[in-house]
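Single-structure report; data block below.
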Amino acid sequence: MTNKKFDVVVIGAGPAGYVAAIRASQLGLSVACIERMHTLGGTCLNIGCIPSKALLHASEEFKHAQKGMNKHGIKIDGVSLDLSSMMAHKDDVVDQLTKGIDMLFKKNDVEHIQGDARIISNQEVEVTATDKEKTIISGANIIIATGSTPADLPGAVIDEKQIVSSTGALRLTKVPEHLVVIGAGYIGLELGSVWGRLGAKVTVVEYLNRITPGMDEEVASQFQRLLKRQKIKFKLGTKVTELETYQEGVKIRLESVSEGKNDEIDADVVLLAIGRIPHTSNLGLDNLGINIDDRGFIKVDDHYKTNVDGIYAIGDVIPGPMLAHKAEEEGVAVAELISGEKSHVNYDAIPSVIYTNPEVASVGKTEEQLKEEGREYKVGSFPFVANGRARAISSTDGFVKILACATTDKVLGVHIIGTDAGTLIAEAVLAIEFGGSAEDIARTCHAHPALNEAIKEAALAVDNRAIHF
Ligand code: FAD
Ligand code: NAI
């Protein structure tokens, strides 16, 4: 058993951990990053953001080649799917990007230690490598960045073939005839869209009476309408009472939440996407007495300190949105705080994006949140159907909605449903970060013809003076 010493030991090499490790090293600290997987990048690069976006893009291209080009005067006959090549491309992207983190670690002198980490004291981590060899790594500071794992549905056994988590849904070897998705959230709608575009019949079962809880309701209902138009079926207000697997498929027994009415459907694949839970098992938290909340998240203060001196936590394992860019911001902040710099994350300016077609993106407050907080606000909306570029590229679905303070005009929330919403939202994030007003956006010259002119117009509409609608 060897013993190595570092200023900072990071557990987990996802976007929270690898970014913290690189930033700490940039600040002159000696850093080790322990990761149990054989590739770096965590959920995001290996089984999350990146492979899902590769498949979302590829499946959209397939759909577009099949049906989307005619109106532009392009005729394509005989479009067919080569699923294994599509998957190979996705795997190749993952491979390149995970190796890229290896290179970044080398460039930044971060020591990469492969193995399973368990914290044994506030300055020591025991690492068990794949060959079972144990090493003790000492760190003046330990950062827990162990991420999250899919939540289970009691009674459902994920075999990653018939009943799959997102991980299995990114690796199916054939297009299911009927995919039943449980949970109308980020994963369910993104991966449901992928397989729907590739030819599966898709039914989404959701416990609540709406999709995407937390999203501005006006946007969510338009989103559902557009997904229905893509033939995705929804069973809202419905709970799953039993999943029974048989050789060719799965029987899903359902019950309506309000009336208790029973129903059943059959699928060849069921995707369980009912949320993710913080990953803290076998980390040694109990022995050290590290506080976790009633949902299993590690409790931290605003400097990411746990209640145990020298131990910090960031990313999906602490409360807040489970998003890669939030995890990265926390990675930078914790490293800077440990090295004695001032740093913080502005949680009011964290965007979220669902990469479906159309994309849905938002930052700041929803209308429902503002009502609940009793705040006076103004609304400005602008539909893409009135945007010249959207018409030119035949992407007229959706709208931009800006919520601004009724007295100061400060931008409080921006919600976009439409093509490229995930990119367009950056302007709104910047406005919120800078404490900008709707008038600031409205007075900013936007290139023409561009989709983001719809943001300028929505900002004008806050003051009832949109030009093009
Ligand atoms: P993780 O990325 O989960 O990394 C934690 C790492 O810690 C893992 O590599 C794990 O192996 C390692 N680890 C855990 N325990 C130990 C231990 N004891 N010893 C050693 N190593 C350990 N977010 C977005 O912002 N945009 C997206 O488009 C997006 N798409 C997603 C799609 C899918 C299908 C999924 C599942 C998630 C997606 N997310 C997306 C969420 C995003 O992946 C997470 O928010 C992000 O990865 C969290 O980063 P993290 O570093 O906190 O944790
Ligand atoms: P989610 O929290 O987004 O959605 C889960 C859905 O399942 C909710 O609508 C919830 O009401 C529903 N649900 C919960 N229990 C249920 C039950 N028993 N029966 C039926 N419905 C039930 O979780 P999801 O989709 O699993 O994603 C996890 C997280 O991963 C997201 O919250 C997000 O943070 C992250 N993610 C982000 C992406 C992005 O940024 N584009 C893409 C994919 C995931």
Side-chain angles (χ1 to χ4, degrees), residues 10-20 33-53 55-56 98 113-119 125-128 144-154 156 165-167 169-170 181-192 194 204-215 220 235-241 254 257 271-284 313-318 320-328 330-331 350-356 359-361 422:
V10 183
I11 305 176
Y18 83 71
V19 169
C33 183
I34 307 164
E35 170 56 56
R36 66 154 63 110
M37 289 203 265
H38 286 271
T39 51
L40 300 174
T43 302
C44 171
L45 268 65
N46 289 281
I47 50 169
C49 322
I50 297 300
S52 60
K53 266 76 256 179
L55 289 184
L56 275 156
T98 55
I113 299 171
Q114 192 279 322
D116 226 309
R118 198 169 61 88
I119 308 172
V125 180
E126 180 192 74
V127 184
T128 309
I144 303 172
T146 49
S148 62
T149 50
D152 287 333
L153 186 69
S165 69
S166 51
T167 306
L170 290 165
V181 176
I182 305 177
Y186 284 72
I187 292 177
L189 300 180
E190 285 189 356
L191 295 180
V194 165
V204 180
V205 178
E206 164 62 46
Y207 186 83
L208 301 175
N209 276 319
R210 56 162 295 174
I211 66 166
T212 52
M215 182 185 283
K235 285 185 173 287
L236 302 185
T238 302
K239 67 178 176 194
V240 174
T241 52
L254 304 169
V257 175
L271 164 60
L272 211 52
I274 57 167
R276 293 178 61 85
I277 52 167
H279 188 188
T280 55
S281 54
N282 304 322
L283 251 185
I314 51 171
D316 277 10
V317 80
I318 66 167
M322 288 179 156
L323 297 172
H325 41 280
K326 174 260 194 190
E328 290 189 39
E330 290 175 348
I350 307 250
S352 62
V353 182
I354 304 190
Y355 293 88
T356 42
E359 292 180 352
V360 188

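First listed ligand is number 1; within each ligand, the first listed atom is number 1. Quantities reported herein were computed from a predicted structural model and do not represent experimental measurements.
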On a heavy-atom basis, which atom in [X] and which in [Y] lie closest, and how many Å separate them?
| X | Y | value |
| --- | --- | --- |
| Thr212 | Ala220 | OG1-CB, 3.7 Å |
| Gln114 | Arg36 | NE2-O, 2.7 Å |
| Ala273 | Gly188 | CB-N, 3.7 Å |
| Tyr186 | Val353 | CE2-O, 3.7 Å |
| Asn46 | Pro51 | O-CG, 3.5 Å |
| Ile274 | Ala151 | CG1-O, 4.0 Å |

Check whether any N or O atom of [X], backbone or side chain, sits under 3.5 Å from an N or O atom of ligand 1, and answer yes or no.
| X | result |
| --- | --- |
| Tyr355 | no |
| Pro15 | yes |
| Asp316 | yes |
| Met37 | no |
| Ile11 | no |
| Arg276 | no |
| Thr43 | yes |
| Ala117 | yes |
| Met322 | yes |

Write out the residue and atom name of the closest protein heavy atom to [atom], then the distance separating them to 0.1 Å.
| atom | result |
| --- | --- |
| atom 26 (N) of ligand 1 | Cys49 SG, 3.8 Å |
| atom 32 (C) of ligand 1 | Gly48 C, 3.3 Å |
| atom 44 (C) of ligand 2 | Ile187 CG1, 3.3 Å |
| atom 35 (C) of ligand 2 | Met322 O, 3.4 Å |
| atom 4 (O) of ligand 1 | Gly14 CA, 3.4 Å |
| atom 24 (P) of ligand 2 | Gly275 N, 3.7 Å |
| atom 53 (O) of ligand 1 | Gly147 CA, 3.1 Å |
| atom 36 (N) of ligand 2 | Tyr186 CB, 3.8 Å |
| atom 24 (C) of ligand 1 | Ala324 N, 3.5 Å |
| atom 42 (C) of ligand 2 | Glu190 OE1, 3.3 Å |
| atom 51 (O) of ligand 1 | Ala16 N, 2.9 Å |
| atom 10 (C) of ligand 1 | Glu35 OE2, 3.5 Å |
| atom 21 (N) of ligand 2 | Tyr207 N, 3.2 Å |
| atom 11 (O) of ligand 2 | Glu206 OE2, 2.7 Å |
| atom 22 (C) of ligand 2 | Ile274 CG2, 3.6 Å |

Mind checking whether [X] has a heavy atom under 4.0 Å from ligand 1?
| X | answer |
| --- | --- |
| Lys326 | no |
| Gly115 | yes |
| Leu45 | no |

Looking only at distances, please establish whether an N/O atom of ligand 2 is found under 3.5 Å from an N/O atom of [X].
| X | value |
| --- | --- |
| Pro321 | no |
| Thr238 | no |
| Lys239 | no |

Which ligand 2 atoms are under 4.0 Å away from a heavy-atom of [X]?
| X | answer |
| --- | --- |
| Leu153 | 18 (N) |
| Tyr355 | 41 (N) |
| Arg276 | 28 (C), 29 (C), 30 (O) |
| Val353 | 39 (C), 40 (O), 41 (N) |
| Leu208 | 11 (O) |
| Ile182 | 19 (N), 20 (C) |

Is it the side chain, the backbone, both or neither of Val240 that has a heavy atom closer than 4.0 Å to ligand 2?
->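 Under 4.0 Å from ligand 2, Val240 contributes no heavy atoms.
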
Taking the side chain from Glu190 and the backbone from Tyr355, do they hold a donor-acceptor pair closer than 3.5 Å?
->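 It does hold such a pair.
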
